[in-house]
Asker: 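Please read through the structure below; I'll follow up with questions.
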Amino acid sequence: MRRPFIAGNWKMNLDRAAAVALAEGLKEKAAGVDYADIAVCPPFVYLDAVAQVLKGTNVGVGAQDCYFEGNGAFTGEVSVEMLQDIGCQYVILGHSERRHIIGEDNELTNKKVKAVLAAGLIPILCIGEMLEQREAGQTDDINAEQFFGSLAGLTADEMKKVVIAYEPVWAIGTGKVATPQQAEEVHANVRKLIESRFGKEVADAVRIQYGGSMKPDNAKDLLGQADIDGGLIGGAALKVDSFMGIIEAAK
Ligand code: PEP
């Protein structure tokens with residue numbers, strides 16, 4: 001039985017006071033949750049403040065990206081060691097906004113996944129197709145390309161630690177959620193990809209989150225699907241009540 005994992009991706013939102021207040025609200029409201037893993041991923045500059053609020057609680061902290069080198073002349077970048085130093089446990093990698101707006105490819109994402117694993121943190125690897133790709137019948141091909149490209153060279157033991165987030169790009173921040181059946185079909189196919197490369201034991205263990213306009217009122221149906229093991233939440237993670245509504249739907 002895979003333990004549900006609900007993570008909030010705060011993206012480039014909030015200010016310091018709002019980030020700390022949201023973390024404090026979650027610390028209080030999520031204190032009794034023992035049936036799911038929970039994490040929040042604030043912008044880099046607020047990570048330390050949020051990590052201090054959530055230290056020793058059941059709400060983990062993750063970053064939205066990182067660089068793959070340990071230190072040195074990489075202006076503007078943040079290393080995994082730095083994230084670890086301030087108490088991060090997770091790093092979101094390959095988010096569609098990084099792939100499609102910033103221009104990151106599978107090769108760079110793969111280096112980051114390896115650096116995160118080498119440091120003992122957990123990568124949340126995002127994959128997902130764009131609307132025109134879905135309409136052209138390329139959903140499974142795009143997910144396979146991003147999956148194999150971003151996870152090239154991993155061992156089975158490393159793969160067991162990876163969390164996959166299937167995020168159809170057309171559903172992110174649009175209010176257009178995939179139906180539970182659409183999402184489950186892709187999740188089941190992603191699990192087959194894991195099995196094809198890493199074997200059944202690993203495929204059964206890896207958690208696959210759904211991301212894309214998940215809200216308290218659609219979370220239960222999505223999370224009730226056999227291969228949907230949690231959610232990566234954008235907009236609805238910015239308020240204590242809506243994030244808690246999704247966490248409670250995972251019960
Ligand atoms: C995301 O960015 O990972 C996401 C799923 O956003 P939203 O929930 O706002 O669609």
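Along the sequence shown, the residues carry numbers beginning at 1. Keep in mind that this is a model prediction, so the values were computed, not measured. We count ligands from 1, going down the list as the structure has it; atoms in each ligand are counted the same way.
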Asker: Heavy-atom contacts under 4.0 Å between A171 and ligand 1: side chain, backbone, both, or neither?
Answerer: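 A171 to ligand 1: backbone contact only, side chain stays beyond 4.0 Å.
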Asker: Distance under 4.0 Å to a non-hydrogen atom of G212: what atoms of ligand 1 satisfy this?
Answerer: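 With G212 as reference, the close atoms of ligand 1 come out as 5 (C), 10 (O).
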Asker: Using a strict 4.0 Å cut-off to heavy atoms of G211, name the atoms of ligand 1 that fall inside it.
Answerer: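 Counting from 1, the qualifying ligand atoms are 5 (C).
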Asker: Does even one non-hydrogen atom of A236 get within less than 4.0 Å of ligand 1?
Answerer: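 Contact absent.
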Asker: Output the distance between atom NZ (K27) and atom NZ (K55), rounded to the nearest 0.5 Å.
Answerer: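 It comes to 11.5 Å.
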Asker: Quick one: does K215 get within less than 4.0 Å of ligand 1, heavy atoms only?
Answerer: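 Outside the 4.0 Å threshold, so no.
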Asker: Using a strict cut-off of less than 4.0 Å between a Lys/Arg side-chain nitrogen and an Asp/Glu carboxylate oxygen, indicate whether E201 and K160 qualify as a salt bridge.
Answerer: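 Looking at E201 and K160, the cut-off is met.
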Asker: May I ask you to list the atoms of ligand 1 that are less than 4.0 angstrom from any heavy atom of G173?
Answerer: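 Answer, ordered by atom number: 7 (P), 9 (O), 10 (O).
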Asker: Using a plain distance cutoff, I'd like to know if G234 has any nitrogen or oxygen under 3.5 Å from a nitrogen or oxygen of ligand 1.
Answerer: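 So ligand 1 has an N or O lying under 3.5 Å from an N or O of G234.
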Asker: Is it the case that the side chain of Q133 and the backbone of M130 share a donor-acceptor pair, with hydrogens and angles ignored and the cut-off at 3.5 Å?
Answerer: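 Indeed, once roles are kept as given, a pair shorter than 3.5 Å links the two residues.
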Asker: Side chains of R99 and S150: any donor to acceptor distance under 3.5 Å?
Answerer: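 Side-chain D/A pair, S150 to R99: present.
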Asker: With sequence neighbours excluded, give me every side chain to side chain donor-acceptor pair (under 3.5 Å) pair touching residues 207-223.
Answerer: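 For residues 207-223, and leaving out neighbouring residues, the side chain to side chain donor-acceptor pair (under 3.5 Å) pairs sorted by first residue read D37-R207.
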Asker: For ligand 1, which atoms sit closer than 4.0 Å to a heavy atom of G235?
Answerer: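 Selected atoms, number and element: 7 (P), 8 (O), 9 (O).
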Asker: So which protein heavy atom does atom 1 (C) of ligand 1 come closest to, and at what separation?
Answerer: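 The closest heavy atom on the protein side is H95 NE2, 3.3 Å.
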Asker: Can a side-chain donor-acceptor contact be found between W170 and E132 if the only test is distance below 3.5 angstrom?
Answerer: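 The answer is no; no qualifying pair exists.
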Asker: So, using salt bridge (charged side-chain N to carboxylate O under 4.0 Å, His left out) as the criterion, who are the partners of E104 when residues are at least two apart?
Answerer: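 Per chain and number, E104 pairs via salt bridge (charged side-chain N to carboxylate O under 4.0 Å, His left out) with R98, K112.
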Asker: So, F74 versus F68, ring centres under 6.0 angstrom or not?
Answerer: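 Centroid separation for F74 and F68: 6.0 Å or greater.
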Asker: For ligand 1, does I172 get within less than 4.0 Å through its side chain, its backbone, both, or neither, judged by non-hydrogen atoms?
Answerer: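 Both parts.
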Asker: Under 3.5 Å between any N/O of T174 and any N/O of ligand 1: does that happen in this structure?
Answerer: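 Checking ligand 1 against T174, no N or O pair falls under 3.5 Å apart.
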Asker: Would you mind checking which non-hydrogen protein atom is closest to atom 3 (O) of ligand 1, with the distance to 0.1 Å?
Answerer: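 Checking every protein heavy atom, the shortest distance to atom 3 (O) of ligand 1 gives E167 OE2, 2.7 Å.
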